[in-house]
Amino acid sequence: MDEIYDPAAVERAAQEHWERLRAFEVREDPSRPKYYCLSMFPYPSGRCHMGHVRNYTIGDVITRFMRMQGYNVLQPMGWDAFGLPAENAAMQNGVPPAKWTYDNIAYMKMQLRSLGLALDWSRELATCDPRYYRWNQWLFLRMLERGIAYKKTGVVNWDPVDQTVLANEQVIDGRGWRTGALIEKREIPMYYLRITAYADELLEGLDSLPGWPERVKLMQANWIGRSEGCEIAFPYAPDTRDALRSDGVLKVFTTRADTLFGVTFMAVAAEHPIAAAAAARNPEIAAFVEECRRGSVMEADLATQEKKGKPTGLHVLHPFTGEPIEVWVANYVLMTYGEGAVMGVPAHDERDFEFAQKHGLRIRTVVRSKTGAYEEVRAPWIDAYGEYGVTVDSGEFSGLESQAAIDAIAAALEKKGLGRKRVQFRLRDWGISRQRYWGCPIPIIHCDSCGDVPVPDDQLPVVLPENLVPDGTGNPLAKTPSFYECTCPKCGAKARRETDTMDTFVDSSWYFLRYACADAEDAAVDSRVDYWLPVDQYIGGIEHAILHLLYSRFWTRVMRDLGLVKFDEPFSNLLTQGMVLNHIYSRQPAEGRREYFNPADVEKIQGEDGSVRYVAHTPDGGTVEVEYEGLGTMSKSKNNGVDPQQLVERYGADTVRLFAMFTAPPEQTLEWSDEGVQGAYRFLRRLWHAVYEHVSAGPAPALDPAALTAAQRDLRRMSHQTLAKVTDDIGRRRTFNTAIAAVMELLNAVTRFDDTTPQGRAVRHEAFEIVTMALSPIVPHICHALWKALGHDSKALIDERWPQPDPAALVQDEIEIVVQVNGKLRGRVRVPVNADEARIRETALADEQVRKFVADKPIRKTIVVPGKLVNLVV
RNA sequence: GCCGGGAUGGCGGAACUGGUAGACGCGCCGGACUCAAAAUCCGGUUCUGGCAACAGAGUGUGGGUUCGAUUCCCUCUCCCGGCACCA
C-alpha cells in the first residue's frame, strides 16, 4: 500500500478490475432475487452536469449496496437523444443534430465511465436510434388501431415572422425568442393519445405505490383532477338561435349545481362557437376575441393575466326559471376544460364574484353557509360565501343542504333532458405531434383519395434522415422531398408522408422496458421484461414528478392492454432528488443583454466598513464589478455550472461522489461549495493515511471479544452501532449524508484510539473493515484499494456480502439518562440499562443540579421515556 | 394565478415515532510543526450575561395543543419545483 493517496491510480486500478471481470453485466437468473435500479437517462446536451453526477451517484450507491446484499442488480444507462437543444445547436453552428448528438453521447459516456458507476453498458440504448424508435412507431400504430391514438386540432405558439411553431420555452414575454415577433395561437391538426381513458386507473393506481413520495402522488392526483359534478344545459334564447342559426344549448360543467339559481351571467372562452358568432356581428367582440388569440398558450401566462370579459349581447335561458342570462366572453375560461363555458355565480364563487364586481353584474345569494352568518353576499369576499350550506331563493329546491340540493337539481335536470351528473377530469389528452425535425417520425402517409393511412408494419421504421440542418423557419422534413414523397400503401398513388415527429416524452415513456431486452430485434419487448420489471428503484429529478412519470404510467398500461407486459405500475419505488444550485452573478451592460459570470471567476471583496462587492475576472485579464443574484439551479443560461470533469481530474471521482452524497440529503436541493469538495477530499486522504498507519504496523491478531478492556469494548460497540446505522441509512432511509457523518465519527474515534496492545489492534482492524465496507457503495474505488490493504487479497470488495452488526458487541450495561425539571434540561445521570422508573427517579433526585430546581416542591408528575429521559413536573 | 415543497449557528446540514436543538462537514479563532509559508495535527466555536460554575434566550412570523414542539394544528412572509411544446 502506498503511503500517499493517489486517486488517479486508485481509480484506474479499481475500474480496470471491474471492467476486466465485466462485473456489472448481468443476466436473468431466476435463482436469485433481482433488483432493477434505474436513474433517469440523460439528455446528451454535451457534458455531464452536477445534477447528473448527483442522480447517478445516488443510483450507484443503491446498486452497490443491494449487490452486496446478494441481489442480482441491473443498473442500465442510455440516452434521451431526441429534442430541441440539438436543433438549436444546429442553427448556431451548422452541424446536423445527429452528429452533434452522437458526439455528445461519446463524450458523456466517457465522463460517466470516469465516475466508476456500476453500469451494465451492454444494454445501452439511444432513442434516436432507428432500432429503438421503430417501436415507438409500431406502438403508435397499435394505439391508432385501438382508438387510443386519434387526430384532432390543437393550439400551438405561432411565430408569424419565422412562419414556425415555437416551444413554450422559445416564447419570452409573449414574443418569439429569435424574431421578437408577437406570438399568436394557431390551431393545427395533431395526433393525441387518449390518456383520459385511463384517468381513473391512473388516479387509483397511486394508492398501490407506497414506495412513492406522498408529495409526488399528491401532485399527480391534483393534475388528474377528478371532480364529480353536473353537466347543465342552458337552451339558447331567440337572439342566440338567430346568431348561430340553430337551436341548441350552452353546456357547462359545475361542481356546485346547488348554486344554479344564483347564476347571473354565463362566460365562454374566446374560441367558443358563441364567441365566434358574437364576433361576427360585433366588431368590439371581434377585437376582444382577437386580443385573446394573441399571446402564448401557456397556462401560467393565461392564469396570471388580467381577467377580462365582454358581453356578447346574446342570451341563454335558465333551465328552471326560463329567465334569459347574458353570455360573456372571458379570457379566464379555458376551452380545454369541461365545455369551454362556465355559469357565473358571483355569490358563491370567488372568481365570478370578482368578475361581477368589475362589470357591475348582479349578485344573487342562494346558499347560506353554516359557519358564516350572513343574509346577503356583499363585498368584500369572505371564504364562507364559497362554502356548502343550505339553499335559499332556489324555487322548489330551497331549504336543502347543498349536497341534497345538488342531487335533487341533477335529478330534475335529467328528467328535463337538460343535464346529468358526470365526472370531469382536469387531465387532458396527450398531444404528441411536434412540427420539428429531430424526433421520431409519426408513421402516417397522407393520400388524397385514401386519407391518413398508417405505414404498414413491414415498412417500419420510417427512418429520420440524419443529414438535415434546421434553420429556424419551420420543419426541414417538410422541405425535404426525399423524405415526404412516397406512395400510398393502400392505392399506390403519389402521397405525402407525415412530417411531424413525436413528443420526446414518448421516447422516455417506455425506455426502462427496453433495457431488459435492448438487443431484441423483432419485438419491442420480450420475456426478459417479466424477469426484470417493474423497476425496483427509480431515481430522478423532482421536476419530472408529473409529466414524465404520468406518461410512463399511462404507456405501461397501454402496453399491458396490448398484452406486452404483465404489470400496471412501472416504478415500485421512486426517489426524487433535489436540484443542484450555485450562485448567480451578472452585470447589465449599458447596451445589450445581461451578462452572466461563472462563480469560479468571481471574487468577493469585503470593504473595511463591512460593505461587500463582487468582482469578476474576464477572459481578457480585466475585471468588472458584478451583482450577486442569489442561488439558482445550475444552468447554461445563468453561466453558473460547475464542470464535474475538472473536479474528477483534480480530486478523483470518489471525492466528487462523496461531496454529492454528503452535502445534503438526496431529496433536498444541493448547494455547490468549493470548500465542501476540498473537505471531502481531505476526509478520504485522512482515511487513507489512517489505514496506512494501521497496516504498516503489521497484521493484526484475531479478535477475542471475551478478552477486551472497557475502552476496547466501547470502540467495538461504536463500530457495530455505526454499521447498523449505515445499513439503515442507506437501505431504508436513503439519507447518505447521515451515513457518511456516522462513518466520519467512527473514523474520528479510531484515530483517537491509541491502544497498541494486540487486542487493541484487533479492535481497530475490525473498525477499519467496517468503515471500508460501509463507505464502499459511496466511494467504491478507494474502498476497493483499502480492502485489499486490510489483507483481503482473494476476494474483491464488491463480491463481499454486506456485514451484519454483532448483537453481542452492541450490549451496554449502563446508559445516560437526561433529567428535565418542568421540561427544562437540568442534568444527566448514569443508570443501569434495565433500571425501573423508581430507580431512575431516585438517581435523578440525587443529582445536585436537579435538587436545586426541585427544591422542596412536591413532584406532581414523573414522565419517563425509556432509555432516554425523565421529566419531573413540580 | 393554481398545485407541490422548503425556511434550524457565519455556511451546508443533523435531531428517524412529540422527548438532550446544532451530530458531521465547511469557515473562522487559538496552538503545535516550520527559517517562513502551504499542507498536516491538536483545541475552541448558537447568541446574551459571567473569570468560571452557571443562568437566560433561541429552529422564517404571529398564535394554539402538550409535562415537553424544529417535529402536530391555524395565520402570515419569503424562497424553490411544476403548470401540458425545455428535458
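Below, chain A is the first sequence line, B the second, and so on; all start at residue 1.
Distances shorter than 4.0 Å separate some side-chain N or O of A/N737 from OP1 or OP2 on B/A14. At the phosphate of B/A23, neither OP1 nor OP2 sits under 4.0 Å from any side-chain N or O atom of A/N748. Regarding contacts with the backbone of B/A55, a side-chain N or O of A/Q849 is found under 4.0 angstrom from either OP1 or OP2. Using a 4.0 Å cut-off, no side-chain N or O of A/R434 falls inside it from OP1 or OP2 of B/A87. Dashed line: the shortest gap from a side-chain N or O of A/R826 to OP1 or OP2 of B/A55 is under 4.0 Å. Contact annotation: A/K725 side-chain N/O to B/A15 OP1/OP2 distance is not under 4.0 Å. Between B/A14 and A/Q668, a contact under 4.0 Å exists linking OP1 or OP2 to a side-chain N or O. Taking side-chain N and O atoms only, A/T669 has no distance below 4.0 Å to OP1 or OP2 of B/C80.
Within the 3.5 Å criterion, the main-chain N or O of A/L477 finds no donor-acceptor partner in the side chain of A/T499.
Under the side chain to side chain donor-acceptor pair (under 3.5 Å) rule, A/Q435 has a single partner from A/D500, A/N475, A/T501, which is A/D500. None of A/Y551, A/F505, A/Y133, A/Y132 except one satisfies the ring pair (Phe, Tyr, Trp, His ring centres under 6.0 Å) rule with A/W510; the exception is A/Y132. Here the options are A/V171, A/D162, A/L166, the test is side chain to side chain contact (heavy atoms under 4.5 Å, CB included), and the partner is A/W177; only A/L166 passes. Only one option out of A/Y56, A/Y511, A/F512, A/F82 pairs with A/F41 in a ring pair (Phe, Tyr, Trp, His ring centres under 6.0 Å); it is A/Y511.
An anti base is found at B/G43: its glycosidic angle is more than 90° from 0.
Closest to the side chain of A/T738, from the set B/A14, B/C24, B/A87, is B/A14. Comparing B/G12, B/G81, B/G4 against the side chain of A/N222 picks out B/G4 as the nearest. Counting only heavy atoms from C-beta on, A/R682 has its side chain closest to B/U40 among B/C24, B/A55, B/U40.
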Inset, instruction - For RNA chain B, just give me the dot-bracket, please: Watson-Crick or G-U, both distances below 3.5 Å, ( ) intra-strand, [ ] crossing earlier pairs, | paired with another strand, . unpaired. - result: (((((((..(((......[....)))((((((.......))))))((((....))))..(.(((..]....))).))))))))....

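Salt-bridge formation is detected for the pair A/E306/A/K358: a Lys NZ or Arg NE/NH1/NH2 atom is positioned less than 4.0 Å from an Asp or Glu carboxylate oxygen. The pair A/R426-A/E299 counts as a salt bridge, with a side-chain nitrogen and a carboxylate oxygen less than 4.0 angstrom apart. Taking a cutoff of 4.0 Å between a charged side-chain nitrogen and a carboxylate oxygen, A/E848 and A/R851 do not qualify as a salt bridge.
A donor-acceptor contact under 3.5 Å links the side chain of A/R732 to the base of B/C16. Donor-acceptor pairing under 3.5 Å, judged by distance alone, is absent between the side chain of A/R686 and the base of B/U40. For B/G25, its base never sits under 3.5 Å from the side chain of A/E675 at any donor and acceptor pair. Side-chain to base pairing of A/N871 with B/C67: one donor and one acceptor N or O lie within less than 3.5 Å of each other.
Nucleotides B/U48 and B/G58 are separated by 15 Å at their P atoms, to the nearest Å. Here the separation of B/G25 from B/U45, taken at their P atoms, is 14 Å to the nearest Å. B/U71 and B/G22 have their C1' atoms separated by 15 Å, given to the nearest Å. A gap of 25 Å separates the P atoms of B/C78 and B/U70, to the nearest Å. Rounded to the nearest Å, the gap between the P atom of B/C41 and that of B/U77 is 49 Å.
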Check: protein-nucleotides 45-51 of chain B nitrogen or oxygen pairs below 3.5 Å:
none

Inset, instruction - Could you walk me through whether A/N104 and A/W100 pass side-chain contact (heavy atoms from CB on, under 4.5 Å), step by step? - result: CA-CA 6 Å; A/N104 287 349; A/W100 183 84; 3.2 Å; yes

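B/G25 atom P lies 13 Å from atom CG of A/L687, rounded to whole Å.
Taking the six-membered ring where the residue is Trp, A/W430 and A/F554 present perpendicular rings, their angle passing 60° and hence far from 30°.
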